[in-house]
Structure formats: C-alpha cells, structure tokens
Amino acid sequence: MKRFQSTKTPFDHKSMKNRLITAFILTSLIPILLVNVVYYYNTSRLVQQNVESMTGANLEQTRVSLDVWLDSYEDILFQVYTDDTIVELVDQINAGEDVAINRKLLRKLLRGLFYTKDYVKSISVITASGELVFYDQLTASTTRTSWMDSFSGSQEELYEEISSDNKTHLIPTGGRMVFGSNACNLFHIGHRIIDYRDVGKQCGVVLVSIDEKLLEEVCSSHTENGLNFIIDNKGYVISCPGSDQVGECIFPEGAEEETKKQACRRLAEQTGILGSRELSLYFVHDEKTGWNIVRAVDQEELLLSMHRQQRLLIISIGLSLMAVLAMMISQVSRMTGSIKRVVETMGKAGKGDLTVRVAPDHSRPTEIEIIAEEFNSMMNKLKSSLEKQKNAQIAALEAQINPHFLYNTLDTINWMAIGRDEYEISNMISTLASILRYGITNSNGVVRIREEVEWLKQYIFLQQTKLKNTFNCHINVEPEVMSLSIHKLLLQPFVENAILHGFEGVDREHSLTVEMMQEEDRIRISIEDNGCGMAEEMVRKINQGIFCRTDDQNHIGMENAITRIRMYYGEKAGVEVESRPGQGTRVLIRIPVRR
C-alpha cells in the first residue's frame with residue numbers, strides 16, 4: 001500500500017516544467033526561425049507574384065464600387081421616369097395644355113428629388129414635343145441647362161439616342177464648366193419616360209447630371225500605393241484625381257496598346273501623386289459602363305518598403321524570441337505551481353471534505369483561475385442542492401395537503417352559494433374547482449383532445465362570466481381529432497392572450513374562434529380573434545422567437561407555451577402568428593399526430 005501511494009504522486013513539478021519548455025522550443029522557436037529565414041529570401045519573389053493579384057483585386061473593388069454607386073443614382077432616375085404624376089405632366093405638355101403651368105409643376109417635382117443624393121447637379125426632362133424642363137443647381141436659368149452647351153450633339157440627337165430603347169444610357173464626362181466661383185465636370189445618366197398604361201408610347205426622356213467628383217471619390221477610396229483613374233475606349237478621360245485633363249482626349253480612337261499606355265502613364269505622372277518614377281499600369285474593363293479603370297503603381301517603392309519591413313521584422317523576432325523564452329520559463333513555473341495547488345484541493349474534496357475551496361489567486365493564469373472558480377461554484381451548488389433536497393421533501397408534504405384543503409374550501413363556498421340561491425356563483429366555483437383540479441394534476445401530462453377541449457370550454461366560461469359576456473367564442477373540432485392526444489394546458493396561454501389583450505380598444509362585437517383539424521400526419525390548431533391585432537414588428541419578433549415584454553403587455557404566457565411546444569414535439573411542430581393592426585390575430589399551431 002505504501003509503495004502504491006509513493007509512485008502515484010499528485011504532480012511531478014520538474015517533469016512538467018521541463019516538458020513544457022522542451023515542447024515550446026521544438027514547436028515554436030526552431031520553426032519560427034526557419035520560417036523567417038526562408039521568408040526573408042523569398043519575400044521579393046512573393047511580392048512580385050502578389051502585386052498583380054493585389055492590383056487586380058484593387059481594380060475589381062473599384063469597379064464594384066463604381067457600379068454600386070451608379071446603381072444608387074439610377075434609383076433617382078427610376079423614380080422620375082416611372083412617376084405617374086410626371087408622366088401626366090409630360091403628356092399635358094406634349095398636348096400643349098397649360099404648358100407654362102405644367103412646366104412649373106414639373107420643375108417643382110424635379111426639385112423635390114434633387115437633394116436625395118449628393119453630387120446631383122441637374123435633373124432634366126426633354127419631352128417628345130421638344131420642351132426642356134429641368135432643375136439645375138449651377139445656374140438660375142429656367143431655359144438652358146448648365147451642361148447642354150458642353151454636349152457634343154443637339155438636343156434632338158440626345159432625345160433620339162435615349163428614347164430609342166428601354167435601357168439606361170450613360171453619357172461620359174464633358175468639358176469643365178465654370179459658373180462664377182464654381183467649376184465642375186458632369187457626366188449624365190438617362191432613360192426613356194415610361195407610361196405603364198401604354199409602354200410603347202413616346203413621352204419624353206429624363207437625364208440626371210452628376211458631378212464627376214463622385215467618380216473621383218470612388219477612385220480615391222482605393223488608391224493606396226497607387227493611382228486609379230477612368231478613361232473610355234475613345235481616349236477621353238472620364239475621371240482622374242488631381243488632373244485637369246478630365247473630359248479631354250489623351251489618345252485617338254483605335255490607337256495601339258503601347259500608345260494608350262504611354263498616354264495613361266503621362267496622365268498619371270502629371271497628377272504628381274506618384275512622382276516621376278517608372279510606373280506600371282493595369283487595366284480592367286467595366287461591362288456596365290463600358291469604361292476602362294486604370295491603376296498606376298510604383299512597384300519600386302513597394303519593394304523597398306517590403307525590404308525595410310523584413311529587416312525590421314528579423315531584428316524584432318530575435319529580440320522577441322529571447323524575451324518570450326525568459327517569460328515562458330517564468331510562466332511555466334507559476335502555472336505548474338498553480339495547477340498543483342488546485343489539484344491538491346480537489347483531492348481533499350474527493351475524500352469527502354465538502355467545505356474545502358480553492359483560495360483566490362489573481363496571479364494564476366486565467367484558465368487555471370477559471371477552473372478554480374468553477375470548482376468552487378460546483379461545491380457551492382452541491383451544498384445548495386443538498387439544502388434544496390431537504391426543502392423539496394417538506395414542500396412535497398405541503399403539496400399533498402394544500403390542494404386537498406383548497407378543494408374542500410371551494411366545496412364549502414359552493415354549498416354556501418347554493419344555500420343563498422346564488423347559482424351563478426355556484427357554477428363559477430364548481431368550474432374553477434374543476435379547472436384547478438385538471439391543471440394541478442400532472443400538469444405536463446398527455447390527455448385526449450376531448451378532455452383538453454372540455455377544460456378549455458370551462459376556462460372560457462369563467463372568462464365570459466368575468467367579462468360579462470363581452471365576447472363570443474366558437475370551438476370547432478373535427479370528430480376524428482377528439483380521440484387524438486395532446487399535452488395538457490397547451491392552448492390556454494394563446495386563448496388568454498386573445499381575451500385579455502386582443503379585444504382592448506375594439507368597439508365592434510368581439511369574437512374568438514378555436515378550430516382543430518387533421519392535416520395528414522399533423523394536427524392543425526387555429527386560434528383567431530377579431531381584436532386590435534399586433535404591430536408588424538412584434539409579430540415578426542414572435543415568429544423569430546424574440547419576445548418583447550413591455551409595461552402594458554406581457555407575452556410570457558405565449559413564450560412559455562411556444563417553448564413547451566418545441567420541447568414536446570421538436571422540429572415536427574410549428575407555431576406561426578398572423579396579425580394586422582386593427583384586424584385581429586390568428587395563431588396557427590401544428591403538432592404531430594399522437595394516438
């Protein structure tokens with residue numbers, strides 16, 4: 001016996017410490033050194049390989065951002081060309097009816113949409129009759145827009161181009177326009193006005209003029225270690241941060257690829273953002289706009305920066321490894337000592353000493369401290385459990401007495417009511433006694449639906465008596481369903497919620513309907529009232545299992561009932577609430593058939 005106890009020591013301190021230190025060296029220090037040596041010699045090659053993929057990702061991100069922003073501005077365009085009021089005004093203008101008044105009303109509607117998005121500078125409508133109606137931020141004129149003069153074609157050509165189909169048309173950035181102290185470049189999106197009562201009818205077109213600074217912002221948001229700008233296939237600069245050549249042609253249409261690259265490189269150098277070093281160019285074509293997004297990158301600066309970071313990383317790793325090794329030896333010593341003390345305390349508890357606890361020590365590692373706290377909590381719960389067991393035995397004896405006393409008391413009151421000819425009170429007391437007896441006896445048990453329906457009728461009778469018959473109730477159950485099984489008291493919370501909360505503030509005749517029928521292998525239960533209903537947000541949260549408890553309404557009964565249904569029947573059961581404010585509420589419950 002002594003030999004066995006001497007070999008099974010609770011903790012071998014030196015052995016654990018040495019093993020942890022050895023494991024750390026083998027699994028951490030040596031691999032880290034090897035990896036970083038290899039990493040140092042391969043960084044340049046890896047960076048060179050990754051620059052292209054990083055640049056492609058940057059261009060793709062810029063392209064996606066461009067499409068997302070343009071889609072958001074197309075929403076304004078959509079609101080205009082599908083607005084019934086605008087369609088009617090345009091039709092009246094085309095018909096020559098009160099043209100001046102209708103122009104004024106149309107301009108007022110355009111002004112109402114003007115400030116829904118930043119960078120919108122003008123919204124214009126060209127009618128089929130040739131009238132131009134617009135709201136322009138840059139000019140106070142009501143007869144000529146700020147951008148029409150910069151358009152290469154005529155108003156009629158512009159109308160013919162946009163009205164030819166049902167697509168959104170993108171008009172590239174034009175020349176720079178100056179109005180007093182304001183100067184900007186504009187690009188435009190346009191669409192044919194659609195009358196959904198007659199889709200083929202030509203009413204007019206609408207154009208939304210947008211400040212090119214939107215495109216500049218999209219490009220600038222992805223310009224880390226590079227410069228992004230946009231050109232079209234004809235060589236025109238659509239947008240370029242820091243450049244004054246926006247709207248100008250930098251290479252002729254159909255030029256050679258090398259000519260295009262040289263022109264784009266000069267454009268990037270003239271911005272001064274990347275200096276005059278040798279630049280690498282990358283292109284991506286945006287199918288939505290037909291534009292080309294160009295990225296200019298100074299790879300030399302990127303590589304130099306990476307080399308500096310590598311040297312700094314190697315020095316830092318060397319110093320860190322030495323510091324970590326020293327800290328690890330210290331922490332392992334503390335950790336093994338802490339574990340030993342915790343295990344010793346657990347050993348005392350295992351021998352029957354339930355009063356023992358692990359003393360708090362904030363210098364221990366967090367994980368070991370959590371183990372110690374959980375052990376102490378477990379010992380406290382064990383002590384509390386023993387006390388609760390004693391109290392439960394006493395409560396069980398009281399529970400055998402209290403219901404018997406309650407039924408006898410209700411029976412005495414019942415006979416007193418009969419003796420005074422208070423038969424309504426007698427009926428209520430008898431019904432209450434029956435309800436209590438049904439609810440207290442095996443409250444989680446399974447009964448026939450017939451029994452549950454009879455109990456539910458008694459409960460509704462009490463509620464009708466209490467509320468002076470202010471509501472009608474209809475219970476419709478298919479005969480073949482009566483013999484099926486259901487858990488007790490499953491429907492009462494839903495009925496109670498309808499009676500107590502559903503009819504509040506409703507002046508019409510109150511009505512409650514409970515229906516049960518069999519649908520294949522499930523029982524379908526419907527509880528419907530014509531009361532005040534519930535807010536859409538509350539219904540959504542209840543269907544998602546989120547129950548809101550406020551000062552004036554408490555749905556804890558429904559929460560418990562739904563939780564019980566899921567506990568009893570699992571995934572085969574379902575509860576769905578349908579409600580509209582002022583029109584009533586219906587709760588649909590589906591549970592599997594149990595015979």
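For this chain, numbers begin at 1 and follow the sequence in order.
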Verify, without hydrogens or angle tests, whether [X] (side chain) and [Y] (backbone) share a donor-acceptor contact under 3.5 angstrom.
X    : Y    : answer
H191 : N166 : yes
Q518 : E520 : yes
S579 : M534 : yes
N94  : V90  : yes
N530 : S511 : yes
R590 : K572 : no

Run the salt-bridge test on [X] and [Y] with the 4.0 Å N-O cut-off and return the result as yes or no.
X    : Y    : answer
D71  : K288 : yes
R448 : E451 : no
K201 : D91  : yes

*Step by step, would you call R566 with I562 a side chain to side chain contact (heavy atoms under 4.5 Å, CB included)?*
CA-CA 6 Å; R566 290 172 180 166; I562 294 174; 3.6 Å; yes

_Evaluation steps, side chain to side chain contact (heavy atoms under 4.5 Å, CB included), between L106 and N102_ = CA-CA 6 Å; L106 180 56; N102 288 324; over 6 Å; no

*Take R522 and E519 through the test salt bridge (charged side-chain N to carboxylate O under 4.0 Å, His left out) and record every step on the way to the result.*
CA-CA 5 Å; R522 294 201 296 178; E519 292 180 343; 5.7 Å; no

Drop me the distance from [X]'s [atom1] to [Y]'s [atom2], to the nearest 0.5 angstrom.
X    : Y    : atom1 : atom2 : value
C203 : I126 : SG    : CD1   : 14.0 Å
L500 : K466 : CG    : NZ    : 6.0 Å
N476 : E478 : CG    : CD    : 10.0 Å
Q61  : L66  : CD    : CG    : 12.5 Å
L207 : I171 : CG    : CD1   : 5.0 Å
R111 : K108 : CZ    : NZ    : 7.0 Å

_Set out, in order, the CA-CA distance, both residues' side-chain angles and the distance that settles side chain to side chain donor-acceptor pair (under 3.5 Å) for T470 and H510, then state yes or no._
CA-CA 7 Å; T470 56; H510 302 165; 4.6 Å; no

*asked:* Quick one about D286 and T289 (side-chain donor to acceptor, distance below 3.5 Å, no hydrogens or angles considered), yes or no?
replied: yes

*When you check the side-chain N and O atoms of N543 and E576, is any donor under 3.5 Å from an acceptor?*
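The criterion, which ignores hydrogens and geometry beyond distance, is not satisfied for E576 and N543.
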
*Looking only at heavy atoms, what is the nearest atom pair of Q492 and L456, with distance?*
CA-CD1, 4.4 Å

_Contact summary for V87 and R197, nearest pair of heavy atoms_ =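 Distance-wise, the nearest heavy atoms are CG1-NH2, 4.1 Å.
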
*Does the side chain of R524 reach to within under 4.5 Å of the side chain of M516, using non-hydrogen atoms?*
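They are not in contact (no side-chain heavy atoms under 4.5 Å apart), so the answer is no.
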
*Should the pair Y568 and H487 be assigned to parallel (<30°), tilted (30 to 60°) or perpendicular (>60°) ring geometry?*
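The rings of Y568 and H487 lie parallel, inter-plane angle below 30°.
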
*With under 30° as parallel and over 60° as perpendicular, where do the rings of F78 and Y81 fit, or are they tilted in between?*
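Answer is perpendicular, since the angle exceeds 60°.
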
*Would E509 and N472 count as a side chain to side chain contact (heavy atoms under 4.5 Å, CB included) if you check the C-alpha gap in whole Å, the side-chain angles of each, and the deciding distance to 0.1 Å?*
CA-CA 8 Å; E509 181 180 359; N472 296 323; 2.3 Å; yes

*Please identify each residue that fulfils side-chain contact (heavy atoms from CB on, under 4.5 Å) with Q464, with sequence neighbours left out.*
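Here the qualifying residues are I460, N469, F471, C473.
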
*Could you check D232 against N292 for side chain to side chain contact (heavy atoms under 4.5 Å, CB included), going step by step and ending with a plain yes or no?*
CA-CA 6 Å; D232 65 7; N292 298 305; 5.9 Å; no

